[in-house]
Number of protein chains: 2
Amino acid sequence: MGKLKCEPDPSIDKRLALRDAIELLSGKWKVCILSNLYHRGTMRFKDILETSKGITPKVLSKELQHLEDNLMITRTVNNTKPVTVSYALTDHAGETQPVISALILFGLSHRKKIKNK
Amino acid sequence: MGKLKCEPDPSIDKRLALRDAIELLSGKWKVCILSNLYHRGTMRFKDILETSKGITPKVLSKELQHLEDNLMITRTVNNTKPVTVSYALTDHAGETQPVISALILFGLSHRKKIKNK
DNA sequence: ATAGTCACTTTCCTTAAGGTAACGGATAGT
DNA sequence: ACTATCCGTTACCTTAAGGAAAGTGACTAT
């Protein structure tokens with residue numbers, strides 16, 4: 001494979017954006033949590049704890065805070081007994097859909113390539 | 001945001017693909033190295049060491065091996081004095097382009113959202 | 001003989017991610 | 001009073017990522 005294009009380096013803005021986007025999806029649980037919320041809609045803490053198999057409450061709590069800080073999910077304390085808390089995706093989280101699709105498409109092709117080694 | 005669609009859970013294949021794809025791009029240096037190779041074409045070890053500012057030879061060596069294992073780059077030992085080694089993207093690496101574009105697009109929008117907090 | 005280049009490798013260290021297990025406050029049922 | 005549910009927190013530990021600094025081996029130039 002030779003040189004492709006020889007554009008100037010990507011702008012600093014794009015590099016920061018790329019780094020932020022990857023960080024937001026990196027780690028063992030974030031995509032799993034987002035995916036669960038996407039497919040099941042609003043969920044309570046305990047629901048996510050059970051569907052994200054293997055996660056502990058401590059880690060889940062941290063991940064949810066991180067996702068909330070990044071405006072990917074909303075956290076709503078319900079007026080119930082005992083207290084329940086609902087989490088749901090924001091509209092902004094919907095913008096990850098093209099990213100996820102592209103990642104899956106590449107990942108599928110990549111796994112094929114790797115298997116034939 | 002209510003429930004979006006209520007598809008069944010994604011297939012196990014897609015989940016694995018997604019995880020692999022994210023892992024391949026996670027970490028401090030991989031995207032940086034790929035981006036350098038993409039914009040500059042074939043590069044020697046020292047070139048990448050200098051353009052990926054802050055990386056150490058040990059870490060670069062490890063990252064390059066990882067990328068080679070994943071068929072993203074080729075490693076060619078040149079018949080020169082002193083020995084030089086050339087790295088270049090594979091065709092397969094080109095398939096990350098839609099992923100990177102999607103990540104940048106999302107990242108730019110995300111950074112705007114976060115700034116207005 | 002000495003010093004330099006290139007592509008690493010080795011050793012040692014710090015930091016951060018993630019896991020385990022137990023505990024806490026609020027509330028309710030029996 | 002005792003137990004249970006829910007949503008966490010706290011304290012402690014292990015592992016992995018990554019950084020700093022020096023060294024190695026093959027070769028060349030002076």
Side-chain angles (χ1 to χ4, degrees), chain A residues 15 18-37 40-70 72-89, chain B residues 15 18-37 40-70 72-89:
Chain A
R15 267 179 286 178
L18 183 51
R19 163 147 314 216
D20 284 4
I22 290 174
E23 259 170 34
L24 196 47
L25 301 177
S26 291
K28 192 168 176 182
W29 299 109
K30 273 159 214 149
V31 175
C32 178
I33 294 168
L34 291 176
S35 173
N36 282 330
L37 283 171
R40 291 164 202 247
T42 299
M43 296 175 80
R44 290 177 309 134
F45 188 86
K46 213 202 172 193
D47 296 333
I48 308 178
L49 202 58
E50 281 161 6
T51 53
S52 303
K53 288 177 191 172
I55 201 171
T56 59
K58 168 196 156 185
V59 174
L60 177 55
S61 177
K62 204 197 65 184
E63 297 290 307
L64 290 172
Q65 273 185 47
H66 187 219
L67 288 171
E68 200 196 352
D69 290 344
N70 282 280
M72 304 296 286
I73 61 172
T74 57
R75 179 180 183 275
T76 315
V77 179
N78 302 310
N79 188 9
T80 57
K81 28 70 184 222
V83 174
T84 56
V85 182
S86 296
Y87 295 91
L89 296 185
Chain B
R15 265 178 288 178
L18 183 51
R19 165 148 312 221
D20 284 5
I22 289 174
E23 259 170 34
L24 195 48
L25 300 178
S26 291
K28 192 166 175 182
W29 298 110
K30 273 159 213 147
V31 174
C32 178
I33 294 168
L34 291 176
S35 172
N36 282 331
L37 284 170
R40 292 165 203 245
T42 299
M43 295 175 80
R44 292 178 307 135
F45 189 87
K46 215 205 171 193
D47 295 333
I48 308 179
L49 203 58
E50 282 162 5
T51 52
S52 303
K53 288 177 191 171
I55 200 171
T56 59
K58 168 197 158 185
V59 173
L60 177 55
S61 177
K62 204 197 65 186
E63 298 288 308
L64 289 172
Q65 273 185 49
H66 187 220
L67 289 170
E68 198 195 353
D69 291 344
N70 282 280
M72 303 295 287
I73 61 172
T74 57
R75 178 180 184 276
T76 315
V77 178
N78 301 312
N79 188 9
T80 56
K81 26 68 180 223
V83 174
T84 56
V85 183
S86 295
Y87 296 91
L89 295 185

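Order of the sequence lines fixes the chain letters, A, B, ..., with proteins taken first and strands second; residue numbering starts at 1 for each chain. Heavy atoms only: backbone and side chains are in, while hydrogens, waters and symmetry mates are out.
Note: CD (A/Glu50) to C1' (D/dC7) measures 13 Å, nearest angstrom. If you measure from atom CD1 of B/Ile48 to atom P of C/dC8, you get 10 Å, rounded to the nearest angstrom. Residue B/Glu68 contributes atom CD, which lies 10 Å from atom P of C/dC8 at whole-angstrom precision. Going from atom CZ of A/Phe45 over to atom C1' of D/dT9 covers 10 Å, rounded to whole Å. Rounded to whole angstrom, the span from the CG atom of B/Asp47 across to the P atom of C/dC8 amounts to 13 Å. The separation between A/Asn78 atom CG and D/dC6 atom P is 13 Å, rounded to whole Å. Rounded to a whole Å, the NZ atom of A/Lys58 is 7 Å from the C1' atom of C/dG19. When rounded to the nearest whole Å, the span between CG of B/Leu49 and C1' of D/dG19 equals 13 Å.
In this structure, the separation between CZ on A/Arg15 and CG on A/Asp20 is 13.5 Å, given to the nearest 0.5 Å. Atom CG of B/Leu49 is separated from atom CG of B/Leu60 by 5.5 Å, given to the nearest 0.5 angstrom.
If you find the closest nucleotide of DNA chain C to B/Val83 and to A/Thr80, the one lying nearer the 5' end belongs to B/Val83. For the pair A/Pro82 and A/Val59, nearest-nucleotide mapping onto DNA chain C gives the more 5' position to A/Val59.
Regarding contacts with the backbone of C/dC8, every side-chain N or O of B/Arg44 stays at 4.0 angstrom or more from both OP1 and OP2. Put simply, A/Gln65 has a side-chain N or O that comes within less than 4.0 Å of OP1 or OP2 on D/dT9. The phosphate of D/dT9 (OP1 or OP2) has no side-chain N or O of A/Lys62 nearer than 4.0 angstrom. For A/Ser61, a side-chain nitrogen or oxygen approaches OP1 or OP2 of D/dT9 to under 4.0 Å.
The shortest distance between side-chain heavy atoms of A/Leu64 and A/Arg75 does not fall below 4.5 Å. The shortest distance between side-chain heavy atoms of A/Lys30 and A/His66 falls below 4.5 Å.
If you check every strand for non-hydrogen atoms under 4.0 Å, A/Lys46 touches sugar and phosphate atoms only. Using a 4.0 Å heavy-atom distance criterion, A/Thr84 is classed as a sugar-phosphate-only contact. Note on B/Gly54: nothing from the nucleic acid sits closer than 4.0 angstrom, heavy atoms only.
Closest approach to the B/Val85 side chain among C/dA7, C/dT20, D/dG8 is made by C/dA7 (side chain taken as heavy atoms from C-beta onward). Relative to the side chain of A/Arg75, the nucleotides D/dG8, C/dG18, C/dT9 differ in distance, and D/dG8 lies closest. Residue B/Thr56 places its side chain closer to D/dG19 than to any other of D/dG19, C/dT9, D/dG8.
Taking a 6.0 Å sphere around CG of A/Asn78, one finds it holds more than 12 heavy atoms contributed by other residues, nucleotides or ligands.
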